[in-house]
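Following: one structure in structure tokens, then a few remarks.
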Amino acid sequence: MKKIVFLLLIIANSMAAQNADSLFVAANKLYKNEKFEEAIEKYKKIEAQELISSELYYNLGNAYYKLNKVGPTIFYYEKALKINPLNEDVKNNLIFAKRLALDNIEEVPKTVFQKFNSNFLQKLSYNQWAILVVLLSFTASILFLLFYFAYTPTKKRIYFTTSIISFILLIATIFITYNQYNRAKNNIEAIVFAEKTEVRNAPTLNAEKVFTLHEGTKVNVLDVIDNWKKIKLADGRLGWIISNEIKQLNDF
């Protein structure tokens with residue numbers, strides 16, 4: 001019985017993958033024919049099956065860009081970068097998309113560690129760092145075994161040194177992966193989808209307006225009360241915004 005269930009699961013997954021592939025091809029054809037709204041519908045059907053990828057979000061961002069929808073364009077480019085931070089096509093398109101956003105927010109100056117983190121460590125997602133952990137653990141284990149079974153002193157020294165270096169790199173990579181995962185989990189980012197919205201100093205409609213935001217601006221979500229979210233901008237400003245006027249990037 002278990003074998004039958006397992007076989008049925010394999011068949012179902014295979015059919016879902018084939019369906020997603022056909023949808024992706026069809027959506028791409030619609031995009032090339034400038035039928036952007038229809039292409040978006042098909043891309044979103046793939047997303048609904050949770051068969052997500054950097055390429056899927058990149059194409060969604062491109063389709064929304066053609067429709068001049070700033071919020072969704074930036075949202076999906078940012079989603080694509082979360083999966084693959086090294087995707088240069090997405091980075092370049094995101095630069096152009098951000099120029100369409102009305103809000104020009106200057107970032108608070110970063111510390112040396114924050115600059116190192118954003119310029120180097122965040123070049124890879126925590127999933128990619130996790131892959132490095134697996135590869136380094138495998139490499140370190142093989143080198144240690146080679147050291148253990150080597151006969152000549154020269155080979156033993158080489159294998160011992162390289163295995164120690166691999167173990168040190170492994171420990172450092174585990175630490176980086178853990179920190180990047182926690183950062184991704186705790187740093188909740190969102191994109192403003194409302195064309196224009198007022199941010200207030202308290203989670204009520206009669207609270208004082210502190211500043212105005214426009215479609216496409218990225219914010220950090222700090223807290224949630226009822227249908228309000230407390231946000232922080234890159235320049236340090238704080239306020240409360242209605243929940244459905246922003247859309248979170250994080251999948252946690």
Side-chain angles (χ1 to χ4, degrees), residues 8-103 125-128 184-185 187-198 213-221 224 227-229 231 241-252:
L8 289 172
L9 286 172
I10 292 174
I11 294 170
N13 288 333
S14 177
M15 290 177 65
Q18 289 176 3
N19 182 46
D21 288 340
S22 62
L23 280 172
F24 195 73
V25 171
N28 289 343
K29 286 182 179 179
L30 289 167
Y31 179 88
K32 288 178 181 178
N33 292 327
E34 299 186 359
K35 296 179 179 179
F36 304 119
E37 291 183 352
E38 293 177 42
I40 288 169
E41 287 180 11
K42 291 195 179 295
Y43 287 134
K44 286 199 169 184
K45 284 181 181 179
I46 301 172
E47 185 186 19
Q49 296 176 28
E50 298 185 356
L51 298 171
I52 60 173
S53 65
S54 182
E55 291 74 20
L56 173 65
Y57 288 145
Y58 173 61
N59 287 7
L60 267 166
N62 288 340
Y64 277 115
Y65 183 82
K66 293 293 185 180
L67 294 172
N68 293 316
K69 295 187 177 181
V70 182
T73 299
I74 293 175
F75 177 79
Y76 281 108
Y77 283 155
E78 292 278 5
K79 293 276 281 185
L81 280 180
K82 283 190 174 295
I83 296 175
N84 182 12
L86 300 177
N87 193 321
E88 292 297 327
D89 290 332
V90 178
K91 288 181 183 178
N92 293 332
N93 284 17
L94 182 58
I95 291 170
F96 288 107
K98 284 183 175 179
R99 290 174 184 170
L100 300 175
L102 296 179
D103 299 322
S125 67
Y126 64 85
N127 282 324
Q128 290 169 324
K185 186 176 181 179
N187 184 35
I188 304 172
E189 296 175 322
I191 302 296
V192 176
F193 266 55
E195 187 175 341
K196 181 180 178 181
T197 182
E198 302 294 342
L213 291 179
H214 300 85
E215 185 180 11
T217 301
K218 183 193 277 189
V219 301
N220 284 86
V221 179
V224 180
N227 65 327
W228 291 85
K229 288 182 179 177
I231 60 169
I241 191 171
I242 297 172
S243 295
N244 61 11
E245 294 188 336
I246 60 174
K247 193 169 181 180
Q248 287 186 195
L249 289 165
N250 309 58
D251 293 323
F252 295 100

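By convention here, the first residue in the shown sequence is residue 1.
Checked by atom type, the side-chain pair Asn244/Asn227 shows no donor-acceptor distance below 3.5 Å. A side-chain N or O of Asp103 and one of Thr217 form a donor-acceptor pair less than 3.5 Å apart.
Heavy-atom minimum distance, Ser54 versus Asn87: OG-ND2, 3.4 Å. What you find for Ala190 and Val221 is that their closest heavy atoms are CB-CG2, 4.0 Å. For the pair Ala101 and Ile74, the tightest heavy-atom approach, listed with the atom from each and the gap, is CB-CD1, 4.4 Å.
The distance from atom CD of Gln49 to atom CG of Leu23, rounded to the nearest 0.5 Å, is 6.0 Å. Rounding to the nearest 0.5 Å gives a distance of 5.5 Å between CG of Leu86 and CD of Gln128. With values rounded to the nearest 0.5 angstrom, Asn59 atom CG is found 7.5 Å from Tyr31 atom OH. With rounding to the nearest 0.5 angstrom, the OH atom of Tyr57 is 15.0 Å from the OH atom of Tyr77. Residue Ile52 holds its CD1 atom at 6.5 Å from NZ of Lys79, rounded to the nearest 0.5 Å. To the nearest 0.5 Å, atom CD of residue Glu215 and atom CZ of residue Phe193 are 7.5 Å apart.
Thr197 is not listed as a side-chain neighbour of Ile242, based on a closest heavy-atom distance of 4.5 Å or more. A heavy-atom distance below 4.5 Å is found between the side chains of Ile40 and Leu67. Contact of the Val224 side chain with the Lys229 side chain is registered, since non-hydrogen atoms from C-beta on lie closer than 4.5 Å.
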Step-by-step side chain to side chain contact (heavy atoms under 4.5 Å, CB included) determination, Ile241 to Val219 | CA-CA 10 Å; Ile241 191 171; Val219 301; over 6 Å; no
Can you check side chain to side chain contact (heavy atoms under 4.5 Å, CB included) on Leu213 and Glu245, steps first, answer last? CA-CA 10 Å; Leu213 291 179; Glu245 294 188 336; over 6 Å; no
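With sequence neighbours excluded, the residues forming a ring-ring contact (aromatic ring centres under 6.0 Å, His included) with Phe24 are Tyr43, listed by chain and number. For Ser243, there are no side-chain hydrogen bond (donor to acceptor under 3.5 Å, both in side chains) partners, not counting sequence neighbours. Applying the side-chain hydrogen bond (donor to acceptor under 3.5 Å, both in side chains) test to Lys42 and every residue at least two apart in sequence or in another chain returns nothing.
Residue pairs meeting the salt bridge (charged side-chain N to carboxylate O under 4.0 Å, His left out) criterion with at least one partner in residues 25-35, sequence neighbours excluded, are absent. Applying the side chain to side chain donor-acceptor pair (under 3.5 Å) test to every pair with at least one member in residues 64-74, sequence neighbours left out, gives these pairs: Lys44-Tyr64. Within the structure, the salt bridge (charged side-chain N to carboxylate O under 4.0 Å, His left out) test picks out the following pairs touching residues 89-99 (sequence neighbours left out): Glu78-Lys98, Glu88-Lys91.
Looking only at distances, no side-chain donor or acceptor of Ser125 sits under 3.5 Å from a matching main-chain atom of Asn84.
Counting non-hydrogen atoms of neighbouring residues, nucleotides and ligands closer than 6.0 angstrom, the NZ atom of Lys196 reaches no more than 12 such neighbours. More than 12 non-hydrogen atoms from other residues, nucleotides or ligands lie less than 6.0 angstrom from NZ of Lys82.
Here the two rings, on Tyr76 and Tyr58, have centers that are 6.0 Å apart or farther.
Screening Val192, Ile246, Leu249 against Phe75 for a side chain to side chain contact (heavy atoms under 4.5 Å, CB included) leaves a single residue, Leu249.
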